[in-house]
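Chain identifiers are assigned alphabetically (A, B, ...) following the order of the sequence lines, protein sequences preceding nucleic acid strands; residue numbering begins at 1 within each chain. Atoms considered below: every heavy atom in the structure, side chains included; atoms not considered: hydrogens, waters and symmetry mates.
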There are 2 protein chains.
Amino acid sequence: MMDRKNGQTAAKDTTRDGASERVVAELALAIHEHRLQPGAKLSEDEVGAIYGVSRTVVRAALQQLSHDRLVELRRNRGAYVAQPSVREAREVFEARALLEPRTARSAAERVTEADIVALRRHIADEHAALDRGEPGRALHLSGLFHIEIARIANQATIEDFIRQLIARSSLIIALYWQRRTAMCESHAHDALLNALASGNGDLAEDLMKSHLLDLLSSLDLRNVNSAPRTLQEALGG
Amino acid sequence: MMDRKNGQTAAKDTTRDGASERVVAELALAIHEHRLQPGAKLSEDEVGAIYGVSRTVVRAALQQLSHDRLVELRRNRGAYVAQPSVREAREVFEARALLEPRTARSAAERVTEADIVALRRHIADEHAALDRGEPGRALHLSGLFHIEIARIANQATIEDFIRQLIARSSLIIALYWQRRTAMCESHAHDALLNALASGNGDLAEDLMKSHLLDLLSSLDLRNVNSAPRTLQEALGG
DNA sequence: CAACACATAATTGTATACAACACTGTCGCA
DNA sequence: TGCGACAGTGTTGTATACAATTATGTGTTG
């Protein structure tokens with residue numbers, strides 16, 4: 001293990017200390033991009049070996065992720081990528097419906113030229129990822145679009161909540177997405193962007209609301225398998 | 001230190017493992033009841049000695065508290081009870097205004113007899129604490145009243161957010177409360193309880209909204225001392 | 001006397017060691 | 001053969017040791 005650590009030291013020297021933050025970021029990204037599937041076990045030794053840190057650091061990272069509900073900690077049994085239940089899925093979108101439309105309105109009232117440019121960039125990246133056949137990355141970028149809007153609204157507290165909700169949404173989509181509908185949401189993002197650019201708060205609020213409803217309705221939340229999936233299913237897939 | 005640990009083992013045997021949760025609870029309670037003032041330093045060794053656990057456990061607890069923004073972690077410099085800025089204070093109440101009125105409406109639509117009984121109990125406890133001259137405890141109970149309403153609304157995700165916001169509100173009140181207005185909010189809680197008991201969602205939502213506005217207006221948020229208070233002031237007080 | 005530099009002490013960041021618990025497979029018994 | 005007890009193995013929970021960083025106090029120097 002020491003060898004591996006030394007092998008990664010070169011790449012780590014930018015991160016000086018606070019090694020757990022890097023692990024948090026890497027794991028969160030892997031979950032967001034669906035490289036880690038819901039239910040996957042995150043063994044402390046294994047994760048530590050991969051990133052060249054001790055279990056102490058890994059534990060801190062896992063605890064942090066568990067607070068965002070990306071990871072579920074079971075006492076004496078380890079950490080697993082969370083598997084939101086159908087009920088949790090509904091709750092998350094309920095909360096988003098409560099927070100995001102109003103936030104979009106605030107954003108429309110405060111948005112600057114630079115913000116618009118950044119948002120256009122996000123959308124372009126999203127399309128590019130889709131064209132490259134990286135739906136996981138596209139989904140991640142789609143989430144960042146929402147977070148960017150929250151940032152523009154300039155309410156750090158609400159932004160944090162939205163960030164958590166979007167992270168969980170990523171897991172929910174991994175579990176409950178039904179392929180039927182194509183990934184058409186980029187259209188919704190375009191419309192939102194236009195509303196923001198024109199400073200139309202009413203429209204932005206409405207568009208966000210219906211966008212979230214669309215998203216929710218594209219999920220299959222009939223509680224067919226509301227029970228947590230077994231590890232075997234996750235590993236076999 | 002070992003002696004102390006053994007000395008507490010008897011009291012700890014109910015908590016089997018997960019020792020950090022107990023530390024989290026104790027520290028959070030101390031903060032909520034204003035026994036720990038904003039800005040107070042939480043040394044790992046010291047906290048560990050008090051609760052008879054190692055720094056490992058204390059660190060886990062502090063990290064958890066920092067995620068709820070009750071504690072601020074500064075790299076290589078330790079953990080301090082958070083000192084929300086004026087801006088954060090406004091943001092917290094903005095978020096509460098977004099979440100709680102709608103939640104109160106939901107609660108009114110779902111409330112049961114047992115819930116009403118529990119809420120009455122909360123209010124009674126709150127009054128009792130005030131009469132006993134324990135304003136810190138009364139404030140804590142007042143927060144629990146809000147959390148109870150969120151619980152009744154049966155949206156665990158939103159409940160968690162509200163829980164965080166109320167925890168932070170406790171710190172905000174510790175910092176920015178202006179004595180002028182008496183602790184009259186119990187009245188507001190009574191009115192809310194009646195609205196809930198009669199199943200009047202509209203009224204509950206309105207009452208919650210104005211209750212939060214009252215609370216906000218009872219704070220002194222002119223940024224007289226928006227800069228974080230010095231440790232000396234905290235210690236000298 | 002003020003200001004800087006350095007040595008010292010104290011505290012946090014990380015790694016490792018040991019203990020406690022959970023899971024797995026085997027053996028014995030009905 | 002089926003079920004239960006038990007030991008073995010591996011993983012997590014906690015404590016401690018060491019390294020790195022910061023804060024403090026002292027002495028020197030302009």
Once you round it to whole Å, what is the distance between [atom2] of [N] and [atom1] of [X]?
X     : N      : atom1 : atom2 : value
A/R55 : C/dT16 : CZ    : C1'   : 10 Å
B/Q63 : C/dG13 : CD    : P     : 10 Å
B/L62 : C/dG13 : CG    : P     : 10 Å
B/R59 : D/dG13 : CZ    : P     : 17 Å

Does a side-chain N or O from A/R77 land closer than 4.0 Å to OP1 or OP2 of C/dC23, or not? yes
So, is A/K41 close to the D/dT12 phosphate, meaning a side-chain N or O under 4.0 Å from OP1 or OP2? yes
Looking only at the side chain of [X] (C-beta and beyond, no hydrogens), which of the listed nucleotides [options] gets closest?
X     : options                : answer
B/T56 : D/dT22, D/dA15, C/dG13 : D/dA15
B/S54 : D/dT16, D/dA23, C/dT14 : D/dT16
B/V53 : D/dT14, D/dA15, C/dT14 : D/dA15
A/N76 : C/dT14, D/dG13, C/dC23 : D/dG13

Whichever of A/L42 and B/V57 has the more 5' nearest nucleotide on DNA chain D, that residue is A/L42
Out of the candidates B/R69, B/Q83, B/R168, only one should pair with B/E88 under the side-chain hydrogen bond (donor to acceptor under 3.5 Å, both in side chains) rule; please name it. B/R168
Point-to-point distance, once rounded to the nearest 0.5 Å, from CG of A/D125 to NE2 of A/H140: 10.5 Å
